[in-house]
Amino acid sequence: MISLLLLRGCLTLAACLLAMPAWAAVAGKDTEHPQLDAPTELAGADYDPANPPRRLRVLIAKGPTTFFFRNGAPHGVEQAMLYQLELFLNRARPASRPPTRVLYVPVEAGELIPALMAGRGDMVAGLMPVIPGASQLVDYSLPYLEDQWCLVRHRSQPALPDLAALGDKPLTVPRASYARRLLASDAKVTLMEAADGVDSENLLLAMNGGGDTVTLASQYVFKLWQKRLPNLRMDGCPAGNVSLAWAVAPQHPGLLAELNRFIAAKGGKLASAAAAETQRFLPSDGKASLPEQAGSGLDRLAVLAPVFQVVAAANNMDWLLLAAIGQRESKLNPVVRQNGPTGIMQVNPSTARKMGVKDPHGNEGNITAAAKYLAYLRGMFARPDISPDDQLFFMLAAYNAGEGRVAQIRRQAAKEGLDPNRWGGNVEIVARRMVGQRLLDYVSSVNRFYLAYQAADRSKSSKPAPKADAASAAAE
């Protein structure tokens with residue numbers, strides 16, 4: 001372990017960090033979250049209600065309805081439903097057992113099934129229609145919603161009771177819309193592709209401004225956005241009901257059974273409750289915000305992102321980890337105290353002074369103090385006998401409870417025959433007893449934000465993969 005005494009032997013903190021070996025780069029600049037591509041806890045196993053996993057990794061479709069960020073916090077109808085799932089999975093949890101946490105891995109909708117088959121998640125969620133062809137690759141849950149796709153047009157234009165009423169009028173649909181599949185066999189309908197990057201919500205908001213565009217849209221999505229679309233009207237619904245469901249890999253029948261128990265227990269109200277919860281957070285421009293973007297200039301994370309990025313780069317830290325901690329500490333609303341934790345990152349002034357920061361109350365100084373302290377903590381746990389996952393967990397635990405407290409907990413864990421270099425199932429057991437569940441919840445919460453930010457950021461920067469295999473074809 002690299003102690004504070006050893007650090008004092010360096011001329012500067014930066015010099016010590018530069019001297020550290022390559023395995024010290026957990027949460028470093030341009031590095032990925034350790035769990036982003038690692039096997040899930042259910043890899044090679046199945047869900048056991050008597051011994052559930054600590055983390056259930058969910059591949060979730062990124063979108064302005066399904067999953068998006070506002071002020072750095074995740075929202076969307078799928079996020080709201082998965083929050084209820086997490087409560088259900090922990091409904092009979094004894095106090096001695098750590099809770100199961102749902103981790104969000106946002107990806108493009110077309111990546112859901114291929115990513116599941118590649119083992120990047122345990123289940124997929126994304127207002128996903130049940131497609132017969134895909135049932136050869138995945139197992140669908142019970143439907144949580146019976147949806148319809150209906151014609152939508154500006155109120156100033158004549159009503160369209162069915163597709164025949166279109167005549168020669170083209171139907172505009174986004175490239176990835178399920179409407180294309182519904183209309184594939186109807187040779188009488190002229191399809192016009194929406195512009196690149198335009199999804200159903202973008203298109204509806206544009207249509208609300210005027211014109212005579214006609215589209216075929218999900219009734220559920222239209223009703224969710226209806227308050228933002230006062231000038232649009234939903235007309236005929238030419239297709240029959242479409243079942244929407246979650247999906248798991250075929251080797252997880254136990255997980256599928258648990259999902260089905262949850263959906264059955266909700267009695268058909270799951271999707272409607274999620275819509276009511278999500279409506280007030282919908283992005284104003286119909287675009288799914290990423291961690292550094294926002295539909296409004298008032299988004300707190302979008303405003304703070306440049307500061308996080310500059311400070312992180314100067315300290316070889318991943319700015320998304322800093323943002324995740326800021327979200328957990330203050331919801332990115334700085335609370336300034338002259339004595340005690342202060343600012344966005346809730347840094348103690350005494351800690352800031354040790355890190356060479358004189359004024360920890362302003363945003364830049366506060367984030368700088370946090371970044372330097374995290375870099376120092378990373379040095380403490382950057383050892384080959386501590387996995388990258390556990391390095392991250394120990395860093396977060398020490399940031400919250402203090403490095404001395406975590407060292408004490410690890411020593412006690414060793415005395416009890418537990419592995420002091422492993423967090424899950426080892427050090428966390430002693431931490432719960434010595435500090436309380438709040439410390440475990442803190443580590444889990446920051447980790448959840450960080451993983452979601454990283455996954456969304458990677459999804460943004462990755463190019464769509466060529467659709468050359470059966471999995472991609474089924475996901476269209």
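Just so it is clear, the structure is predicted and the values come from calculations on it, not from any experiment. Any value given below was found using the heavy atoms of this structure, including those in side chains, with hydrogens, waters and symmetry copies removed.
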Polar side-chain atom of [X] near backbone of [Y] as donor-acceptor pair, under 3.5 Å:
| X | Y | result |
| --- | --- | --- |
| Glu201 | Pro64 | no |
| Tyr140 | Ser243 | no |
| Thr215 | Ala217 | no |
| Ser141 | Trp246 | yes |
| Asn202 | Asp199 | yes |
| Asn426 | Gly424 | yes |
| Gln391 | Ile386 | yes |

Is Arg55 atom CZ crowded by more than 12 heavy atoms from other residues, nucleotides or ligands, each under 6.0 Å away? yes

Heavy atoms of other groups near Asp385 CG, more than 12 under 6.0 Å: yes

Closest heavy-atom contact between [X] and [Y]?
| X | Y | answer |
| --- | --- | --- |
| Pro360 | Asn366 | O-ND2, 2.7 Å |
| Val124 | Leu112 | CG1-O, 3.4 Å |
| Leu142 | Asn260 | N-OD1, 2.7 Å |
| Gly286 | Trp225 | CA-CH2, 3.7 Å |
| Ala274 | Val77 | CB-O, 3.4 Å |
| Ala371 | Met317 | O-CG, 3.9 Å |

Which residues pass the ring-ring contact (aromatic ring centres under 6.0 Å, His included) test with [X], not counting sequence neighbours?
| X | answer |
| --- | --- |
| Phe68 | none |
| His252 | none |
| Trp149 | Tyr178 |
| Tyr83 | none |

Could you note down all residue pairs passing ring-ring contact (aromatic ring centres under 6.0 Å, His included) where residues 94-136 supplies at least one of them, sequence neighbours left out?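 The answer is Phe67-Tyr104.
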
Qualifying ring-ring contact (aromatic ring centres under 6.0 Å, His included) pairs with a residue from residues 34-54, counting only residues at least two apart or across chains: none

For Arg120, what residues pass the salt bridge (charged side-chain N to carboxylate O under 4.0 Å, His left out) criterion, not counting sequence neighbours?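 By the salt bridge (charged side-chain N to carboxylate O under 4.0 Å, His left out) rule, Arg120 matches Asp37.
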
Arg54: partners by salt bridge (charged side-chain N to carboxylate O under 4.0 Å, His left out), with sequence neighbours left out: Glu428

Hey, does [Y] have a side-chain heavy atom less than 4.5 Å from the side chain of [X]?
| X | Y | value |
| --- | --- | --- |
| Asn71 | Lys331 | no |
| Leu451 | Val105 | yes |
| Asp122 | Val248 | no |
| Asn241 | Gln148 | yes |
| Lys227 | Leu282 | no |
| Leu396 | Leu377 | no |

Are side-chain N/O atoms of [X] and [Y] paired as donor and acceptor at under 3.5 Å?
| X | Y | answer |
| --- | --- | --- |
| Tyr450 | Gln35 | no |
| Glu329 | Tyr442 | yes |
| Gln408 | Arg411 | no |

So which pairs with a foot in residues 389-402 pass salt bridge (Lys or Arg N to Asp or Glu O under 4.0 Å), sequence neighbours left out? none

What residue pairs, at least two apart or across chains, pass salt bridge (Lys or Arg N to Asp or Glu O under 4.0 Å) with a residue in residues 68-94?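 Sorted result for residues 68-94: Glu86-Arg101, Glu86-Arg448, Arg91-Glu258.
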
Roughly how far, to the nearest 0.5 Å, is [atom2] of [Y] from [atom1] of [X]?
| X | Y | atom1 | atom2 | answer |
| --- | --- | --- | --- | --- |
| Met128 | Ile113 | CE | CD1 | 5.0 Å |
| Leu56 | Leu82 | CG | CG | 8.5 Å |
| Leu270 | Gln84 | CG | CD | 7.5 Å |
| Leu229 | Phe222 | CG | CZ | 5.5 Å |
| Phe394 | Arg383 | CZ | CZ | 9.5 Å |
| Ile429 | Arg97 | CD1 | CZ | 13.5 Å |

Less than 6.0 Å separating the ring centroids of Tyr453 and Phe69? yes

Partners passing side chain to side chain donor-acceptor pair (under 3.5 Å) against Asp147 (at least two apart in sequence or in another chain): Ser218

Mind checking side chain to side chain donor-acceptor pair (under 3.5 Å) for Asn348 and listing every partner two or more places apart, or none if nothing turns up?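 For Asn348 there are no side chain to side chain donor-acceptor pair (under 3.5 Å) partners, ignoring immediate neighbours.
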
Apply side-chain hydrogen bond (donor to acceptor under 3.5 Å, both in side chains) to Thr278 and His75, showing your working. CA-CA 7 Å; Thr278 302; His75 295 287; over 6 Å; no

